[in-house]
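The next block holds one structure in the form of structure tokens; read it before the comments.
Every chain is numbered from 1, with letters handed out A, B, ... down the list of sequences.
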Amino acid sequence: MIEDENLRVCPKCGSKNLIWKQDEGEIVCQDCGYVFSSEIIDTGPEWRAFDAEQKERRARGGSPLSILKPNKGLVTEIDQYNKDARGSKIPVKYQQELQRTRKWHRRANIANAFEKNLATALEELDRLVSNLNLPRSVAEEAAHKYRIAAKKQLIRGRLIESVVAAIVYLVCRQANIPKTLDDIAKATRSSKKDIGRAYRFIKRALSEKVPLSDPLNYISRYASQLNLSEKVAEEAKKIILEAKEKGVLSGRGPTGIAAAALYIAAARLGEKKTQKEVAEIAGITEVTIRNRYRELKEQLNIEDISD
DNA sequence: AAGACGAAAGTGGTTGA
DNA sequence: TCAACAACTTTCGTCTT
């Protein structure tokens, strides 16, 4: 992925000294610390054209693949009546043979449906993973899990897109890759609600264990998007670690905690950002930052921001 | 004028009877 | 299945810089 022409140069400082942090799904500039988030890459010139074209095509006629889906009028059926094309009865001695044909036809169709379903899913998976700039291992793990889910008939009545997104989310969580449900939802056409529902269902059905997501994972991404220095990120991580020890964080959303810690750290090191700025990047509101900030201040003797 | 603060009411999802 | 509940959001008035 990093071999791609468009991604060779840091958009901020022009450096070519980039590394791909597989485990976090991010590309980081070694010189200025800039993190290529999926959003930044999405709006890049080459990608946008590609994306828009694809979107348009889909909007106009549905994806090219949809015609391959079952029940679009392309499936042939052999009906249950033992009549030939003119409507006259078929001789009994041929009926058994017909029955056999019917059976194989049905089996072939089922196998095809399964394969087609899988093909659609894998295509969608591929698209999602590259849109979100996730490492290859995620795609492979997700494909594996999808296959299992499909075999267990867990997809019934759910949009393939939602299930794929749900599984990607699940794999990210397990790999501690800081992507929120919101991030994933933005890269698909399914709603957050749908994906969440599919996620919970799949998680339960496959009895997958998912660790609680850690605020620490979000720090470097937010810090980069806010143009904050590496020092601030480190400071924020310290704050979170300290808070963890005192057990202040339970039950709170990880993004809110990360945002508040960054807010404090930035102010402390003279790179102050407004609550609004931080809130926007973290996808939460100012109120939540204030609440977390207040809690952190009470529990760990943190000085006031204004000085 | 913009940022920070917090109260109050609303939202969507989880949990437990 | 429904009501209580926690976390978070929206909205708004007030105070501070």
Below 3.5 Å is the cut-off: list the nitrogen or oxygen pairs between protein and nucleotides 6-13 of chain B, distance only.
| unit_1 | atom_1 | unit_2 | atom_2 | d |
| --- | --- | --- | --- | --- |
| B:dG6 | N7 | A:R290 | NE | 3.1 |
| B:dG6 | N7 | A:R290 | NH2 | 3.0 |
| B:dG6 | O6 | A:R290 | NH2 | 2.9 |

To the nearest Å, how far apart are A:N291 CG and C:dT11 P?
-> 17 Å
Under 3.5 Å for both distances, Watson-Crick or G-U wobble, that's the pair rule; now give the dot-bracket for DNA chain C, with | marking pairs to another strand and [ ] for crossing ones.
-> |||||.|||||||||||
For A:Q174, does the CD atom have more than 12 heavy-atom neighbours from other residues, nucleotides or ligands under 6.0 Å away?
-> yes
Between OH of A:Y293 and P of B:dG3 the distance, given in whole Å, is 17 Å
Pairwise side-chain contact, A:K152 with A:L206, heavy-atom cut-off 4.5 Å (strictly under) = yes
Taking the side chain as C-beta and beyond, is there a heavy-atom pair between A:I177 and A:P135 under 4.5 Å?
-> yes
Can you check whether A:K151 reaches A:F114 side chain to side chain, under 4.5 Å on heavy atoms?
-> yes
Yes or no on salt bridge (charged side-chain N to carboxylate O under 4.0 Å, His left out) for A:R252 and A:E295, after CA distance, side-chain angles and deciding distance?
-> CA-CA 11 Å; A:R252 307 270 113 111; A:E295 287 161 11; 2.7 Å; yes
For C:dA6, does either OP1 or OP2 sit under 4.0 Å from a side-chain N or O belonging to A:R252?
-> no
Just to confirm, is there a sub-4.0 Å distance from OP1 or OP2 of B:dA2 to any side-chain nitrogen or oxygen of A:K272?
-> no
Decide salt bridge (charged side-chain N to carboxylate O under 4.0 Å, His left out) for A:K145 and A:E141; before the verdict, give the C-alpha distance in whole Å, the side-chain angles of both, and the deciding distance to 0.1 Å.
-> CA-CA 6 Å; A:K145 287 196 198 309; A:E141 184 58 25; 2.9 Å; yes
Round to the nearest Å and state the distance from A:E280 atom CD to B:dA4 atom P.
-> 13 Å
What is the distance, rounded to the nearest whole Å, between atom CZ of A:R292 and atom P of C:dA7?
-> 8 Å
Residues A:E124 and A:R127 bridged, charged N to O under 4.0 Å = yes
Using atom CD of A:Q275 as one end and atom P of C:dT10 as the other, report the distance to the nearest whole Å.
-> 15 Å
In whole angstrom, what separates A:F201's CZ from B:dT14's P?
-> 15 Å
CD1 (A:I202) and CD1 (A:I167) are apart, to the nearest 0.5 Å, by 5.0 Å
Taken to the nearest whole Å, CD/A:E286 to C1'/C:dC8 is 14 Å
Any side-chain donor paired with an acceptor under 3.5 Å for A:N117 and A:T120?
-> no
Using atom CD1 of A:I284 as one end and atom P of C:dA6 as the other, report the distance to the nearest whole Å.
-> 21 Å
